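Read through the structure below, which is laid out as structure tokens, and then see the notes.
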Number of protein chains: 2
Amino acid sequence: MSGVRAQQKEKTRRQIINAALKQLSAERSFSSLSLREVAKEAGLAPTSFYRHFSDMDELGLTLVDEAGLTLRQLMRQARQRIAKGGSVIQISVQTFMELIESNGNIFRLLLRERSGTSAAFRAAVIREIRYFTMELCDYLQKANHLDADVAYIHAHAAVTIVFGAGSDALDIDDKEEREQLAEQTIQQLRFIARGALEFSDRRKVSKKFR
Amino acid sequence: MSGVRAQQKEKTRRQIINAALKQLSAERSFSSLSLREVAKEAGLAPTSFYRHFSDMDELGLTLVDEAGLTLRQLMRQARQRIAKGGSVIQISVQTFMELIESNGNIFRLLLRERSGTSAAFRAAVIREIRYFTMELCDYLQKANHLDADVAYIHAHAAVTIVFGAGSDALDIDDKEEREQLAEQTIQQLRFIARGALEFSDRRKVSKKFR
DNA sequence: CATAACAGCGTACACGTGTACGCTTAAATT
DNA sequence: AATTTAAGCGTACACGTGTACGCTGTTATG
């Protein structure tokens with residue numbers, strides 16, 4: 001089993017995936033893509049599509065996985081930058097905004113399918129975001145010595161804010177406006193961090209005096 | 001001009017709008033609705049649709065307006081409740097959650113079209129949400145004596161959190177889980193309020209010593 | 001070397017779509 | 001009372017869709 005065959009198959013599979021990603025845009029959602037269009041873009045006969053995916057849905061779930069992977073790579077990248085010193089919040093937001101600029105369509109996919117019509121898609125996206133949230137929660141718990149529940153609420157809020165900002169950023173072309181949005185987002189995250197810290201501290205004090 | 005005719009026209013116009021709203025659900029987005037389906041549900045021949053809307057898009061924008069109206073009614077209701085006393089944050093979140101429970105599909109429409117494929121739809125939704133944000137901004141500025149820019153950042157963050165929570169709530173059936181989500185959202189809003197207040201105060205102090 | 005497996009193609013079909021066109025019928029206008 | 005306006009209907013058309021089916025040529029297996 002040299003794998004020449006399997007190798008070819010994997011290659012055209014990627015062609016299908018890339019064809020779908022290429023067709024995604026601000027004006028084109030995944031659900032508006034047809035099997036025939038994707039196949040054509042991939043240089044395939046419509047019926048050959050089935051040799052790789054039984055459904056457009058199956059392709060869609062694959063794309064969501066792909067997007068999740070991109071998200072996790074992003075996190076790793078942010079951690080590396082943070083390790084080299086600098087404001088955690090600032091670096092995180094900046095890194096996230098870079099993602100939106102370079103991979104807007106992948107992020108759009110996540111945003112759209114999160115509130116889409118397929119329960120399976122929604123679940124898949126939510127799973128990716130939850131992973132994101134949990135990682136942040138862990139970090140906050142260790143770095144800021146927060147209670148577990150406070151850390152979770154904090155992390156959840158921060159992720160909501162960042163994704164919301166990402167959503168806004170997608171509709172902004174002007175670079176300066178984008179930076180303004182980033183600055184605003186940073187400020188919002190600081191508010192949350194401040195509030196969480198204070199609530200956490202207050203609780204510790206009341207424990208101490210009990 | 002007694003208006004018997006105009007009255008009839010308005011009536012079937014509403015039938016079309018209601019037909020569309022009725023067909024919206026977790027599994028069915030507006031963009032997946034066909035002109036023929038809507039016409040059928042409204043008890044009309046497909047071609048008669050054009051007597052009222054030139055396009056499905058035009059109907060869609062009407063629905064977004066309708067949703068915006070619902071949102072503004074919600075705000076008025078919340079203000080009335082707040083005037084009778086009680087925690088502002090708690091009442092706001094509770095009122096918002098009631099909207100999601102009773103008008104889930106209208107809220108879904110807003111959420112989906114905010115990241116949808118039509119620029120006109122996105123703009124319309126963003127306009128409604130901005131109105132929402134500005135109202136809150138005004139309130140915060142007056143009630144908490146915040147700086148204008150801090151108030152805006154605060155309001156924007158709060159709206160993002162509340163809409164995010166609404167989005168999450170749509171996928172939760174269990175009542176207890178929903179209440180837990182509401183509780184968590186309230187806590188998040190408190191974090192933000194705390195943080196904003198502290199930042200605002202600190203700035204005032206530095207001004208005083210200048 | 002014979003044979004089985006299988007990626008990819010082309011044809012074909014039934015179905016749902018938007019919408020152009022002309023007609024009917026009842027209200028509004030003159 | 002005569003005429004115009006316009007909501008609603010039915011027919012008809014071209015088009016894009018998913019996918020069943022059988023075929024071909026190449027690779028893998030025995």
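So that the names make sense, note that chain A is the first sequence line, chain B the second, and so on, each numbered from 1. All values derive from a computational prediction rather than experimental measurement.
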To the nearest Å, give me how far apart [atom1] ([X]) and [atom2] ([N]) are.
X	N	atom1	atom2	value
B/R51	C/dC21	CZ	P	13 Å
A/Q8	C/dC6	CD	C1'	13 Å
A/Q7	D/dT26	CD	C1'	15 Å
A/D57	D/dG18	CG	C1'	13 Å
B/L44	C/dG18	CG	C1'	16 Å
A/M56	D/dT17	CE	P	10 Å
A/E37	D/dT19	CD	C1'	17 Å
A/Q15	C/dG8	CD	P	9 Å

### Task
Considering non-hydrogen atoms only, spot the tightest contact between A/S115 and B/R112 and give its length.
O-NE, 2.6 Å
Given the structure, check if the side chain of [X] and the base of [N] hold any donor-acceptor pair shorter than 3.5 Å.
X	N	value
A/R5	C/dA7	no
A/R36	D/dG16	no
B/T12	D/dG8	no

Out of [options], which has the shortest distance to the side chain of [X]?
X	options	result
A/A45	C/dC9, D/dC9, D/dT19	C/dC9
A/V4	C/dG8, D/dA28, D/dG18	D/dA28
B/P46	C/dG18, C/dC9, C/dT19	C/dT19

### Query
Judged by atom type as modelled, is there a donor-acceptor pair below 3.5 Å linking the side chain of B/Q90 to the main-chain atoms of B/I186?
no
### Query
Does B/I126 offer a backbone N or O that forms a donor-acceptor pair with the side chain of B/R114 under 3.5 Å?
no
## Note on the structure
Heavy-atom nearest nucleotide on DNA chain C taken for A/K9 and for B/L35; more 5' hit belongs to A/K9
### Query
Using a cut-off of less than 4.0 Å, is there contact between a side-chain N or O of B/S34 and OP1 or OP2 of C/dG16?
no
### Query
Does D/dC9 have OP1 or OP2 sitting under 4.0 Å from an N or O in the side chain of B/S48?
yes
### Task
Kindly indicate, with the supporting measurements, whether the criterion side-chain contact (heavy atoms from CB on, under 4.5 Å) is fulfilled by A/M75 and A/E135.
CA-CA 9 Å; A/M75 272 173 19; A/E135 283 262 336; 3.4 Å; yes
### Task
May I ask you to say what B/T47 touches in the nucleic acid, namely base, sugar-phosphate or nothing, with a heavy-atom cut-off under 4.0 Å?
base
### Message
Please verify the inter-ring angle class for A/F107 with A/F96; under 30° counts as parallel, over 60° as perpendicular, anything in between as tilted.
### Response
perpendicular
